[in-house]
Amino acid sequence: MQQSVINKASKFLEVLDRKYPDATCSLRYNSAFELLVATILSAQCTDERVNKVTKVLFERYKTVQDFANIDIDELRNIIKPTGFYNNKAANIKNIALTLLNEYDGRIPENIDELTKLPGVGRKTANVILGNCFTPQGIVVDTHVKRVCRRIGLTKNETPEKIEQDLLKLIPKDKWNRFSHQTILFGRNICTARKPKCEICEMATLCHFYRGA
DNA sequence: CTCCCGATAT
DNA sequence: ATATCAGGAG
């Protein structure tokens with residue numbers, strides 16, 4: 001591994017800790033199951049909008065059993081503002097049924113079983129693991145991908161390969177923290193449309209900034 | 001690769 | 001008008 005990439009990573013960790021000393025999950029939830037539902041809703045949608053929807057949703061439906069019995073049309077209506085509502089509604093109900101039938105109503109605690117649930121991919125599974133169980137991965141969402149590629153922590157394109165690169169660069173005890181901080185950095189500074197390079201502390205080390 | 005898909009910033 | 005938002009399945 002190149003020394004320059006290692007230097008960038010440690011500099012980036014330094015900046016993140018200074019800017020976001022107490023970064024946590026921005027989705028609101030009171031259980032692993034609620035976080036699972038919220039994370040599914042967050043696909044291609046801002047977490048702010050998800051929180052508005054889940055506020056209503058979690059008031060009406062509390063338990064896994066409640067979601068297993070839910071009227072699919074009502075669920076569709078409640079979650080409509082998050083987009084992809086047909087898929088998301090079906091997935092959420094099917095997950096609740098699967099959890100009751102195969103897992104005694106509990107959430108599996110490993111990535112292989114989590115990703116077998118309908119509508120749960122690697123990113124969603126890592127969110128659950130990182131926030132609810134022993135941290136076992138780094139979340140590579142659209143923000144983490146964009147930021148790490150721009151800074152030059154990875155040249156890879158797929159979330160899985162990017163995750164592998166980051167797992168080697170970031171100390172294990174910081175994985176979940178790094179995910180939250182990098183997402184905040186991507187939302188506030190290194191935005192997709194008009195990145196605020198003028199105020200970015202990574203600009204001097206950034207490949208993207210120097211115009212590549 | 002395409003499709004799912006509403007809301008917002010640019 | 002278009003890109004983008006805590007993606008995943010076929």
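From a predicted model like this one, the values you see are computed outputs, not experimental measurements. Order of the sequence lines fixes the chain letters, A, B, ..., with proteins taken first and strands second; residue numbering starts at 1 for each chain.
For the pair A:Lys116 and A:Ser42, both in contact range of DNA chain C, the more 5′-proximal nearest nucleotide belongs to A:Ser42. Heavy-atom distances to DNA chain B give each of A:Asn87 and A:Lys194 a nearest nucleotide, and the one nearer the 5′ end belongs to A:Asn87. Taking the nucleotide of DNA chain C with the nearest heavy atom to each of A:Leu27 and A:Asn91, the more 5' of the two is matched to A:Leu27.
Remark: the separation of the P atoms in C:dA6 and B:dC4 is 23 Å, to the nearest Å. Comparing C:dG8 with B:dA7, their P atoms are spaced 22 Å from each other, to the whole Å. Atom name P, nucleotides B:dC3 and C:dA3: the rounded distance is 16 Å, in whole Å.
With centroids closer than 5.5 Å and planes inclined by less than 30 degrees as the test, A:Phe84 and the base of B:dC5 fail to qualify as a stacked pair.
Using a 4.0 Å heavy-atom cutoff across all strands shown, A:Gly83 reaches at least one base atom of the nucleic acid. Using a 4.0 Å heavy-atom criterion, one finds that A:Thr39 contacts no nucleic acid atom at all. In this structure, A:Leu117 reaches the sugar-phosphate backbone alone: every heavy-atom distance under 4.0 Å involves primed, P, OP1 or OP2 atoms, never a base. Among the protein residues, A:Val120 comes within range of the sugar-phosphate backbone only, with heavy atoms under 4.0 Å from sugar or phosphate atoms but none that close to a base. Looking at heavy-atom distances under 4.0 Å, A:Thr124 makes contact with sugar-phosphate atoms alone, never a base.
B:dT8 atom C1' lies 11 Å from atom NZ of A:Lys52, rounded to whole Å. Rounded to whole Å, atom C1' of B:dG6 lies 12 Å from atom CG of A:Asn86. Separating the NZ atom of A:Lys80 from the C1' atom of B:dA7 is a distance of 14 Å, rounded to the nearest angstrom. Note: CZ (A:Arg76) to C1' (B:dG6) measures 15 Å, nearest angstrom.
The pair A:Arg149-A:Glu157 meets the salt-bridge criterion, with a side-chain N (NZ, NE, NH1 or NH2) lying under 4.0 Å from an Asp/Glu carboxylate O.
The hydrophobic clustering, which links ILVMFWY residues whose side-chain heavy atoms are closer than 4.5 Å, places A:Leu117 and A:Ile107 together.
Under the 3.5 Å distance criterion, the side-chain polar atoms of A:Arg28 are left unmatched by any main-chain donor or acceptor of A:Lys55.
In terms of the side chain to side chain contact (heavy atoms under 4.5 Å, CB included) criterion, residue partners of A:Leu100 (sequence neighbours excluded) are, by chain and number, A:Val64, A:Gln65, A:Ala68. Residues passing the salt bridge (charged side-chain N to carboxylate O under 4.0 Å, His left out) test with A:Arg60 are A:Glu74, sequence neighbours excluded.
Taking 4.5 Å as the limit, some side-chain heavy atom of A:Leu57 sits within range of a side-chain heavy atom of A:Leu75. The shortest side-chain heavy-atom distance between A:Asn176 and A:His180 falls under the 4.5 Å cut-off.
Phosphate contact (OP1/OP2 of B:dG6, side-chain N/O of A:Tyr85, threshold under 4.0 Å): present.
From the 5' end on, the contacts that DNA chain C makes with chain A at under 4.0 Å to a non-hydrogen atom open and close at C:dT2 to C:dA9.
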